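Take a look at the structure below.
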Amino acid sequence: MDAVDRSILAVLEQNGRISNNELAARVGLSPSPCLRRVRQLEEAGVIRGYRALIDPAAVGRSLRVFAGVRLTRHTRPDVVAFERGVTQLPEVIACHHITGNFDYLLQVEVADLPAYEDFHANQLATLPGVATVTSYVTMKTLSADTT
């Protein structure tokens with residue numbers, strides 16, 4: 001991977017729907033070599049896909065909660081059972097296996113606090129192997145594009 005590939009990736013991270021002609025112009029290539037490089041990056045698995053970023057509030061998920069989960073045991077069957085269960089919950093946007101005070105950090109999106117209370121009590125806390133859940137409610141999210 002060279003500097004041109006990195007430039008292509010930087011532009012695509014900002015706008016995955018950019019036309020090949022515009023992408024080529026931005027990275028200083030003609031369209032054919034640019035398209036060839038993008039396809040090579042896709043085939044190599046560097047570009048794993050393209051997706052739409054959805055406004056959570058627009059689809060009834062205005063509350064974002066980060067939940068730290070500790071498991072009771074760390075045997076392989078317990079970990080597999082938890083991971084299988086947590087990945088089936090549509091409210092869980094991301095699940096990270098981490099080090100530190102928790103075993104997993106989940107990003108959860110729901111409509112509101114009562115919906116999270118229901119999710120916590122009736123789905124998350126009932127997953128196999130869950131010992132504790134510590135919830136952090138998001139008040140505001142900052143990103144580079146909100147400056």
Side-chain angles (χ1 to χ4, degrees), residues 1-29 31-71 78-147:
M1 184 175 314
D2 62 13
V4 174
D5 289 337
R6 286 184 187 83
S7 294
I8 289 170
L9 294 173
V11 172
L12 288 174
E13 278 184 316
Q14 294 300 311
N15 182 1
R17 295 188 63 177
I18 191 170
S19 72
N20 182 61
N21 287 344
E22 178 64 25
L23 177 60
R26 288 205 192 167
V27 300
L29 291 175
S32 292
C34 183
L35 183 58
R36 188 169 38 255
R37 281 177 177 256
V38 169
R39 286 188 177 146
Q40 287 171 342
L41 290 166
E42 290 169 346
E43 290 168 6
V46 175
I47 298 174
R48 296 188 306 193
Y50 302 88
R51 63 187 179 133
L53 295 174
I54 309 299
D55 177 7
V59 293
R61 294 180 156 214
S62 28
L63 182 68
R64 178 176 294 152
V65 178
F66 291 93
V69 176
R70 269 194 217 127
L71 300 182
D78 291 330
V79 168
V80 168
F82 171 78
E83 290 179 354
R84 185 176 300 123
V86 77
T87 57
Q88 298 303 308
L89 301 174
E91 296 87 351
V92 177
I93 305 306
C95 176
H96 304 277
H97 189 198
I98 60 172
T99 63
N101 291 330
F102 305 110
D103 297 310
Y104 292 88
L105 183 64
L106 312 180
Q107 179 181 334
V108 178
E109 291 180 357
V110 292
D112 51 26
L113 201 50
Y116 181 70
E117 181 181 16
D118 179 67
F119 169 78
H120 181 285
N122 297 312
Q123 295 182 68
L124 185 54
T126 64
L127 287 174
V130 171
T132 62
V133 176
T134 303
S135 302
Y136 301 91
V137 175
T138 302
M139 295 190 308
K140 178 172 34 172
T141 299
L142 306 175
S143 64
D145 60 316
T146 60
T147 56

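Computed from a prediction, not measured in an experiment: that's the story for all the values here.
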Subject >> Residue pair Ala111 / Ser62: nearest heavy atoms and the distance that separates them >> reply: O-OG, 3.1 Å
Original post:
So which pairs with a foot in residues 18-29 pass side chain to side chain donor-acceptor pair (under 3.5 Å), sequence neighbours left out?
Top reply: Glu22-Arg26
**OP:** Test side-chain contact (heavy atoms from CB on, under 4.5 Å) on Leu71 and Phe102 and set out the steps.
**Re:** CA-CA 8 Å; Leu71 300 182; Phe102 305 110; over 6 Å; no
Subject >> Contact check, side chains of Leu63 and Leu113, non-hydrogen atoms, under 4.5 Å >> reply: yes
**OP:** Heavy atoms only: give me the nearest Gly45-Arg48 pair and the separation to one decimal.
**Re:** O-CG, 3.4 Å
Original post:
Going from CG on Leu23 to CZ on Arg37, what distance comes out if it is rounded to the nearest 0.5 angstrom?
Top reply: 11.0 Å
**OP:** Start with the C-alpha gap between Asp55 and Arg61, add the side-chain angles, then the distance that decides, and say whether salt bridge (charged side-chain N to carboxylate O under 4.0 Å, His left out) holds.
**Re:** CA-CA 8 Å; Asp55 177 7; Arg61 294 180 156 214; over 6 Å; no
Original post:
With a 4.5 Å heavy-atom cut-off, do Leu106 and Val133 have their side chains touching?
Top reply: no
**OP:** Heavy atoms only: give me the nearest Leu29-Cys34 pair and the separation to one decimal.
**Re:** CD1-CA, 3.8 Å
Original post:
Can you tell if the side chain of Leu9 reaches within under 4.5 Å of the side chain of Met1, non-hydrogen atoms only?
Top reply: yes
**OP:** Would you please test Leu89 and Leu127 for side-chain contact (heavy atoms from CB on, under 4.5 Å) and show each step?
**Re:** CA-CA 10 Å; Leu89 301 174; Leu127 287 174; 3.9 Å; yes
**OP:** Taking the side chain as every heavy atom from C-beta outward, state whether Ile8 and Val38 have any atom pair closer than 4.5 Å.
**Re:** yes
Original post:
Are any of the side-chain heavy atoms of Ile98 and Asp103 separated by less than 4.5 Å?
Top reply: no
Subject >> Atom of Val130, atom of Ala125 and distance for their closest heavy-atom approach >> reply: CB-O, 4.1 Å
Original post:
To the nearest 0.5 Å, what is the distance between CG (Leu41) and CG (Asp5)?
Top reply: 4.5 Å
Subject >> Glu91 side chain near Glu109 side chain, heavy-atom distance below 4.5 Å >> reply: no
Original post:
Once you round to the nearest 0.5 Å, how far does OG1 of Thr132 lie from CZ of Arg70?
Top reply: 4.5 Å
Original post:
Can Phe66 and Leu105 be said to form a side-chain contact (heavy atoms from CB on, under 4.5 Å), step by step?
Top reply: CA-CA 7 Å; Phe66 291 93; Leu105 183 64; 4.2 Å; yes
Original post:
Taking all atoms of both residues into account, what is the closest heavy-atom pair of Ser135 and His120, and its distance?
Top reply: OG-CD2, 3.8 Å
Original post:
If every non-hydrogen atom of Gln107 is compared with every non-hydrogen atom of Arg64, which pair is closest and at what distance?
Top reply: NE2-NE, 3.2 Å
Original post:
Which of parallel (below 30°), tilted (30 to 60°) and perpendicular (above 60°) describes Tyr104 and His97?
Top reply: parallel
**OP:** Flag the pair Glu117 / Asn122 as yes when at least one side-chain heavy-atom distance between them is below 4.5 Å, and no otherwise.
**Re:** no
**OP:** Check step by step if side-chain contact (heavy atoms from CB on, under 4.5 Å) holds for Tyr116 and Val137.
**Re:** CA-CA 10 Å; Tyr116 181 70; Val137 175; 5.7 Å; no
Original post:
With side chains defined as the heavy atoms from C-beta onward, is the minimum distance between Val108 and Phe119 less than 4.5 Å?
Top reply: yes
Original post:
At what distance, to the nearest 0.5 angstrom, does CD of Glu83 lie from CG of Asp78?
Top reply: 11.0 Å
